[in-house]
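Shown next, in structure tokens, is the structure this report addresses.
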Number of protein chains: 2
Amino acid sequence: MNDRSNRDCLPLKALDDRALGHVAEYFRALSEPLRLKILNALRDEARNVGELTELLNCSQANVSKHLATLTRYGFVERTAQGTSAYYKIADPRVYQLCDLVCGQMAQHFASQAQMLGATAPTARARR
Amino acid sequence: MNDRSNRDCLPLKALDDRALGHVAEYFRALSEPLRLKILNALRDEARNVGELTELLNCSQANVSKHLATLTRYGFVERTAQGTSAYYKIADPRVYQLCDLVCGQMAQHFASQAQMLGATAPTARARR
DNA sequence: TGCACCAATCGCCATATAGCGATAGAGTAA
DNA sequence: TTACTCTATCGCTATATGGCGATTGGTGCA
């Protein structure tokens, strides 16, 4: 890996194939609703697996699996405490990502709505 | 803060399940290396499918399919020109997303390396 | 020790999708 | 028209992964 250079940010443009694959994996880690829910639930406070299982209304096995994914990519941190495992947000900047996406989505939907309103009494075209 | 203060950006915290699913889809659209390559190739200029196929060294069918995905989520725009279809970036802010991810990844790797360096004389693990 | 609880992992199934070759369809030039 | 080019789509296979129930492993308590 010839990855010296800037400490905190290589622009996407300069990424080689391997690094680009890592970026893709990073996005993939955020591409599951349940994982986003977990991040949401951890926004203000650390929680253990049982609490998350109850909050998210799904199986404990699933929560554990998704927490493992989030941990692997550095989104959350694990702290053992008795027989429990508490997870907390490791890097709050992940919310910047999500909020940025929300903003772009909102604008995308708005422009789509505008386009539909402007051009189409016969909607459905524009494929 | 349950108010929607900002017009164009609902914070992730306030999203209901459906919207959260959309955010996840958005991230998923960016979770394929080939799609990121396409966005990279379109960073400075519009290109048609044939050009992209050659640049990315993969099948034309794949390029078309991925372009359809990127179009569906509003990342690129299609312009027919003769028998060709030219694609260009629709919202340059997607690069903000990618660069943000790159920065977070870099920091993540750095802290991992530091952790390994502190605890492990056997380097090479790096991941 | 034995029991109770919690979390992580295993095996399995169902689904989604990236990739491929082949083909259809639209546009252009002869 | 016919022939050619370019793109989009179809059918298919292989792979990845989310979800589930069951199990294992670890910790604390009686």
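Here is how names work: the chains are called A, B, and so on, in the same order as the sequence lines, proteins then strands, and each is numbered from 1. The analysis underlying the following values was restricted to heavy atoms, covering all of them including side chains, and did not include hydrogens, waters or symmetry mates.
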Problem - 4.5 Å side-chain heavy-atom contact, V23(A) and L30(B) - result: no
Does the pair K37(B)/E32(B) count as a salt bridge with the N-to-O cut at 4.0 Å?
no
- Item | Phosphate OP1/OP2 of dC6(D) contacted by S84(B) side-chain N/O (<4.0 Å) | no
**OP:** Determine the contact category for A85(A): base if any of its heavy atoms lies under 4.0 Å from a base atom, sugar-phosphate if only primed atoms, P, OP1 or OP2 are that close, otherwise nothing.
**Re:** sugar-phosphate
In whole angstroms, the gap separating C1' of dA22(D) from CG of N62(A) amounts to 14 Å
Side-chain atoms of Q60(B) come closest, of dT9(D), dA8(D), dG19(D), to dA8(D)
Atom CG of L67(B) and atom C1' of dT7(D) are separated, to the nearest Å, by 10 Å
Classify the nucleic acid contact of S64(A) as base, sugar-phosphate or nothing, counting any heavy atom under 4.0 Å across all strands shown.
base
Looking only at dT9(D), dT7(D), dG26(D), the nucleotide nearest the T83(A) side chain is dG26(D)
Walking DNA chain D from its 5' end, the first of Y87(B) and T69(A) to be reached, judged by nearest nucleotide, is Y87(B)
note: K65(A), atom NZ; dC20(D), atom P; distance rounded to Å ~ 10 Å
Check: Across the strands shown, which category fits L34(A) at heavy-atom distances under 4.0 angstrom: base, sugar-phosphate, nothing?
Finding: sugar-phosphate
Item to check | Donor-acceptor under 3.5 Å (E51(B) side chain, N48(B) main chain) | outcome: yes
Taking 4.0 Å as the cut-off, does a side-chain nitrogen or oxygen of N48(B) come that near to OP1 or OP2 on dC6(D)? no
Output yes when a side-chain donor or acceptor of Q81(B) lies under 3.5 Å from a complementary backbone atom of Y86(B), and no otherwise.
no
R47(B) CZ to dC6(D) C1', in whole Å, measures 17 Å
When you measure from the side chain of Y95(A) to the backbone of L39(A), do you find a donor-acceptor pair of N or O atoms at a distance under 3.5 Å? yes
Phosphate contact (dA8(D) OP1 or OP2) by R78(B) side-chain N/O below 4.0 Å
yes
Side-chain heavy-atom pair I89(B), R43(B) within 4.5 angstrom cut-off
no
Rounded to whole Å, the CG-C1' distance (L56(A) to dG18(D)) equals 15 Å
Rounded to whole Å, OH of Y86(B) lies from P of dC6(D) at a distance of 10 Å
*Is it true that L56(B) and F75(B) fall in one hydrophobic cluster, defined by side-chain heavy atoms closer than 4.5 Å?*
yes
5'-most to 3'-most nt of DNA chain C touching chain B (<4.0 Å, heavy-atom partner on protein side) reads dA18(C) to dT28(C)
Looking only at dC20(D), dT17(D), dA8(D), the nucleotide nearest the R28(A) side chain is dT17(D)
